[in-house]
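Keep in mind it's a predicted model, so treat the numbers as computed, not measured.
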Protein chains: 2
Amino acid sequence: MLSKTCVETFFTKQMQTYLPHLSVDCVVFGFHDSDLKLLLTKWKHMNIWALPGGYVGRRESLDDAAHRVLRHRTGLRHVHLRQFHTFGTLNRREGSSRKLWDGLGVRAPRDAWPLHRVVSIGYYALVDFSRVRPKADYVSDACTWYPLRDRPMLAFDHDAMVEHALAALRESLDSPTASATLMPESFTMPELQRLHEAILGKPLDRRNFQKRMLERGVLERLPYRRTGGAHRAPFLYRFHSRLRRAGL
Amino acid sequence: MLSKTCVETFFTKQMQTYLPHLSVDCVVFGFHDSDLKLLLTKWKHMNIWALPGGYVGRRESLDDAAHRVLRHRTGLRHVHLRQFHTFGTLNRREGSSRKLWDGLGVRAPRDAWPLHRVVSIGYYALVDFSRVRPKADYVSDACTWYPLRDRPMLAFDHDAMVEHALAALRESLDSPTASATLMPESFTMPELQRLHEAILGKPLDRRNFQKRMLERGVLERLPYRRTGGAHRAPFLYRFHSRLRRAGL
DNA sequence: CCAAAAGTGTTGCAATTACACCCATGC
DNA sequence: GCATGGGTGTAATTGCAACACTTTTGG
């Protein structure tokens with residue numbers, strides 16, 4: 001645990017170096033075990049979960065702020081990030097942010113902006129699950145993956161953010177980029193199908209799915225098969241290199 | 001023209017009553033003479049045009065701020081408004097906002113936030129052209145309609161905002177709401193078609209268009225025709241009452 | 001009576017959906 | 001050998017795009 005003074009210094013520094021009343025929150029999607037996953041953080045000393053987020057530097061663009069948050073939480077540099085909505089109702093934090101600082105033992109000034117109204121720009125991120133090394137930070141105990149459909153309740157309006165992000169992700173699914181950034185380097189066709197099914201929330205026809213994916217001309221069939229599983233070994237595929245912008 | 005002190009008071013008040021570094025900008029679409037129109041404001045004493053915009057009150061939601069801006073510029077209360085993107089790069093104002101205040105004869109403090117970085121939430125508005133009574137304000141000489149395709153260059157990144165808003169409008173065109181809010185109470189089918197053509201930027205087939213519109217089941221054919229024009233008089237239609245949320 | 005716009009219905013294509021057969025693998 | 005999943009092709013449907021003729025009106 002950090003010392004009181006350390007946390008209070010952190011708080012004060014925050015108010016100077018960031019744009020007031022503004023934050024970014026990231027809905028980080030991953031795919032693992034045939035299942036969409038969300039990266040969530042837990043408030044230190046409390047049983048409250050929230051989306052990874054952060055404030056916006058005074059000399060930092062919104063996109064850069066979101067990238068910085070993602071880099072700190074996942075270790076990845078070039079993440080596929082997309083702004084989807086800005087949340088700016090009056091009651092969206094409903095005083096619960098006070099609890100976060102109380103939990104840390106910080107007596108923040110009454111008029112400090114992080115305790116009052118904050119407008120948050122929502123981003124969703126698509127990452128290769130297997131490359132992510134989740135990291136907690138000053139204000140969080142834990143940073144871990146949860147299944148989208150079986151996650152804890154989230155703080156503030158973060159559940160609404162997730163729904164909004166998921167809707168935006170569905171829209172973008174016709175572009176190969178979304179799949180390319182969520183899947184590992186190589187994968188089988190049924191695995192790719194399960195990703196699409198998880199995002200759309202409905203089953204798809206195996207044959208029609210494969211046909212459409214191949215017609216897009218962005219997949220390359222590798223001369224290997226995924227062996228070891230029960231039943232017939234499926235082919236491995238990968239996206240053409242220009243789509244595989246590695247998230248280092 | 002306002003006196004110097006009056007404008008300076010306005011400036012100072014602004015910094016207190018609004019959330020710093022934040023604004024809303026509105027892309028206001030209207031439809032008239034078979035043509036999409038934009039509502040633009042001109043900076044006082046300068047030949048610079050911009051989107052209607054404003055700052056966000058400390059106790060005001062983003063949506064409310066956009067509604068307030070629209071109410072002041074158009075006189076309309078219940079406008080169809082939709083957030084489409086938030087613009088937050090570092091260079092989006094490029095010092096030009098200084099010129100606005102210089103033009104008004106205001107010597108604003110160097111560290112005043114309206115002279116520096118501002119993050120802007122973009123909204124688009126769909127209004128019934130015939131109901132709008134454009135009004136200028138403290139910082140603008142003029143507030144008038146311009147044809148979308150033949151408009152002056154806009155300040156800041158406002159041209160990019162217009163393109164973004166137009167893309168969002170195109171997306172929403174399959175819902176009858178967009179058409180219902182842009183058209184007057186009653187209209188002919190060819191008029192409605194010209195609206196769709198203006199938004200999509202391409203000609204549509206008369207017969208297929210009419211078929212699709214009627215299949216949606218939201219139009220009501222009135223027992224009148226538009227007379228007076230040359231050629232055969234077209235029928236008048238209106239949207240069913242639940243879609244005609246009057247913008248008073 | 002002619003030009004130009006409006007009202008209506010049919011036909012054909014293309015994209016999507018539904019569906020059936022064979023193959024490989026583990027138990 | 002049988003249950004389960006994977007690989008491939010074809011038939012049916014449906015939604016959309018293309019298109020022709022008649023009617024009305026002003027000049």
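- Among the nucleotides dA6(C), dC19(D), dG5(D), the one closest to the side chain of Pro234(B) is dA6(C).
- The separation between Phe187(A) atom CZ and dG6(D) atom P is 15 Å, rounded to whole Å.
- Nucleic acid contact class of Arg226(B) (heavy atoms, under 4.0 Å, all strands): none.
- Using a 4.0 Å cut-off, no side-chain N or O of Arg225(A) falls inside it from OP1 or OP2 of dC23(C).
- The nearest heavy atom of DNA chain C to Phe235(B) and to Arg212(A) marks one nucleotide each, and the one closer to the 5' end goes with Phe235(B).
- When each of Gln210(A) and Lys202(B) is assigned the nucleotide of DNA chain D with its nearest heavy atom, Gln210(A) is the one assigned upstream, toward the 5' end.
- Considering Val127(B), Asp137(B), Val79(B) as possible partners of Arg73(B), the one that fulfils the side-chain contact (heavy atoms from CB on, under 4.5 Å) test is Asp137(B).
- Heavy atoms only, all atoms of each residue included: Phe31(B) and Arg194(B) are closest at CZ-C, 3.7 Å.
- Panel note: side chain Tyr237(B), backbone Met189(B); no donor-acceptor pair is recorded below 3.5 Å.
- A straight line from CZ of Phe209(B) to P of dT8(C) spans 15 Å, rounded to a whole angstrom.
- In this structure, of dC19(D), dA6(C), dT8(D), it is dC19(D) that holds the atom nearest to the side chain of Arg207(B).
- Rounded to whole angstrom, the span from the OH atom of Tyr224(B) across to the C1' atom of dG7(C) amounts to 21 Å.
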Enumerate all atom pairs, one protein N or O and one N or O from nucleotides 10-15 of chain D, separated by less than 3.5 Å.
residue : atom : partner   : partner atom : Å
dT10(D) : O4   : Lys211(A) : NZ           : 3.0

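- For the pair Tyr237(B) OH and dA6(C) P, the computed distance is 12 Å after rounding to whole Å.
- Here the closest non-hydrogen pair linking Ser179(B) and His196(B) is OG-NE2, 3.0 Å.
- In this structure, the side chains of Leu36(B) and Leu166(B) come closer than 4.5 Å at one or more pairs of heavy atoms.
- No more than 12 heavy atoms of other residues, nucleotides or ligands shown are found within 6.0 angstrom of CZ on Arg82(B).
- In this structure, Glu197(A) places its CD atom 13 Å from P of dG5(D), rounding to the nearest Å.
- DNA chain C is contacted by both Gly228(A) and Asp205(A); Asp205(A) maps to the nucleotide lying nearer its 5′ end (nearest heavy atom per residue).
- One atom, CG of Leu222(A), and another, P of dG7(D), lie 13 Å apart when rounded to the nearest Å.
- Separating the CZ atom of Arg232(A) from the C1' atom of dC23(C) is a distance of 4 Å, rounded to the nearest angstrom.
- With contacts defined as side-chain heavy-atom distances shorter than 4.5 Å, the pair Ile199(A)/Leu182(A) qualifies.
- In this structure, of dG7(C), dT8(D), dG26(C), it is dT8(D) that holds the atom nearest to the side chain of Arg206(A).
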